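First comes the structure, then the notes that go with it.
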Amino acid sequence: IIIDAKDCYVCPGLLDMHVHLREPGYEYKEDIESGTRAAAMGGFTAVACMPNTNPVADTAAVINHIIERSARLGAVRVYPIGALTKGSLGKELTEMADLKAAGAVALSDDGQPVMDAGMMYRVMQYAGMLGLTVVSHCEDLSLAAGGSMNEGAVATMLGLKGIPNVAEEVMVARDILLAESTGCALHLAHISTAGSVRLVRQAKARGVRVTAEATPHHFSLTEEAVLGYNTNAKVNPPLRRQEDVAAVQEGLRDGTIDVIATDHAPHAYHEKDVEFPYAPNGLIGLETAVGLVFSQLVQPGILTVPKAIAKLCSNPRKILNLPGGQLIPGGVADITIIDPELSEVVDPAKLQSKSKNTPFVRWKLTGLPTLTMVAGQPVMQARRLLK
Ligand code: DOR
Ligand code: ZN
Ligand code: ZN
């Protein structure tokens, strides 16, 4: 093969540590094959997938199933994240040691029942002993109750019930205290508010084992994306105000936020084609992430290229205790090449994901992956899938 990398960045393979592949159980939204093809188009050589499948990834059998299917059908590497609690009730802890032995790279409540403090405390004691990172979705349901977008002027204007920033922040604060008390490594998924960024910054300053991620939609969009009742901008946590977006960008810049991950959450057209309060939360992110990082963070000078790549590559691998994330002589050739000048307009018809629920339709993104190579084999080259 001939690879043209003139004026491009050659990077270790990118890893998205927060995707919903929907398999098993919700294959009409996405499956391992379509989701990993979307990842390959997006420049990711690996993804970590969340456990809110059906059945839930709460046993070694389901983890094994995901690993086997991914080895057979996946265009890129797939690392499953196990559930912290069994099933969809959230009353009983999973056999975490079994999940770890089967290959779970972390444990999470994302998309799963929210736990009370006592449950999370026991979870962290157990996961901490096993050396597994706990990935927390950080939402207080009593504060979020029934809201379908960010609380504030836009929600009032649209007549929608809102979710206040503090619904996230009380859980960020709680989980930081529990991690500090137990010594467990805590990773905060998709933080979205200025208050959350401040809490993480303070916790890191006193040495708590906490890391955090932000999504491309939370550093690129405000609550105004919901105007017109756009259900493709309905996501949990919700899109926030401009001052929150600015704080997330500053958290990325100063290192408070370690990781950029997409929370790729595919939903079928008919599910989003309902009145706003009834639409499910979530938007797809794999195929627009690199373009948004370059267009929204690198070009305006918020992140240097090495810092941006670390947040998509080595930082998530450290959190999940995975090797790689560096280009080493003799190492496995998982490589992503990014052309910082290449532009494309987002067109849902051209996306690999089964679902097309993106609020970035018609956005012109500059800075795109031009090669995704997994174990020495190109899976995407020159914006075309090879698998
Ligand atoms: O917007 C979201 N979608 N937030 C979540 O926590 C879950 C996810 C999903 O599974 O659709
Ligand atoms: Zn979540
Ligand atoms: Zn999620």
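All values below were derived from every heavy atom in this structure, side-chain atoms included, with hydrogens, water molecules and symmetry-related copies excluded. None of the values given here were measured: they were computed from a predicted structure. Whatever order the structure lists them in is the order used to number ligands and atoms, beginning at 1.
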Please list every donor-acceptor pair under 3.5 Å in which a side-chain atom of residues 319-335 meets a protein atom from a residue at least two apart or in another chain.
{"residue": "Asn321", "atom": "ND2", "partner": "Gly131", "partner atom": "O", "Å": "3.3"}
{"residue": "Asp334", "atom": "OD1", "partner": "Arg77", "partner atom": "NH2", "Å": "3.0"}
{"residue": "Asp334", "atom": "OD1", "partner": "Ala375", "partner atom": "N", "Å": "2.7"}
{"residue": "Asp334", "atom": "OD2", "partner": "Arg77", "partner atom": "NE", "Å": "2.6"}
{"residue": "Asp334", "atom": "OD2", "partner": "Arg77", "partner atom": "NH2", "Å": "3.3"}

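For the Zn ion (ligand 3), protein N/O/S neighbours under 2.8 Å (waters excluded) are His18 NE2, His20 NE2, Asp110 OD2, Asp263 OD1.
A 4.5 Å side-chain heavy-atom check between Leu188 and Thr211 finds every atom pair outside the cut-off.
Taking the ring axis of Tyr269 as reference, the NZ or CZ atom of Lys356 does not stay both within 45° of it and closer than 6.0 Å to the ring centre.
Ring pair His137/His190: centre-to-centre distance below 6.0 Å.
Looking at Ile309, Leu303, Thr304 one by one, the single match for side chain to side chain contact (heavy atoms under 4.5 Å, CB included) with Pro306 turns out to be Thr304. Partner Glu344 forms a side chain to side chain donor-acceptor pair (under 3.5 Å) with one of Arg383, Lys350, Lys364 and no other, that one being Arg383.
For a heavy-atom separation below 4.0 Å, the residues in contact with ligand 1 are His20, Arg22, Asn52, Asp110, His137, Val235, Asn236, Asp263, Ala265, His267, Asn281, Gly282.
Side chain of Gln249 to backbone of Leu297: no donor-acceptor contact under 3.5 angstrom is found.
Using a cutoff of 4.0 Å between basic side-chain nitrogens and carboxylate oxygens, Arg240 and Glu168 are scored as salt-bridged.
Shown here are the salt bridge (charged side-chain N to carboxylate O under 4.0 Å, His left out) partners of Arg174, two or more places apart in sequence or in another chain: there are none.
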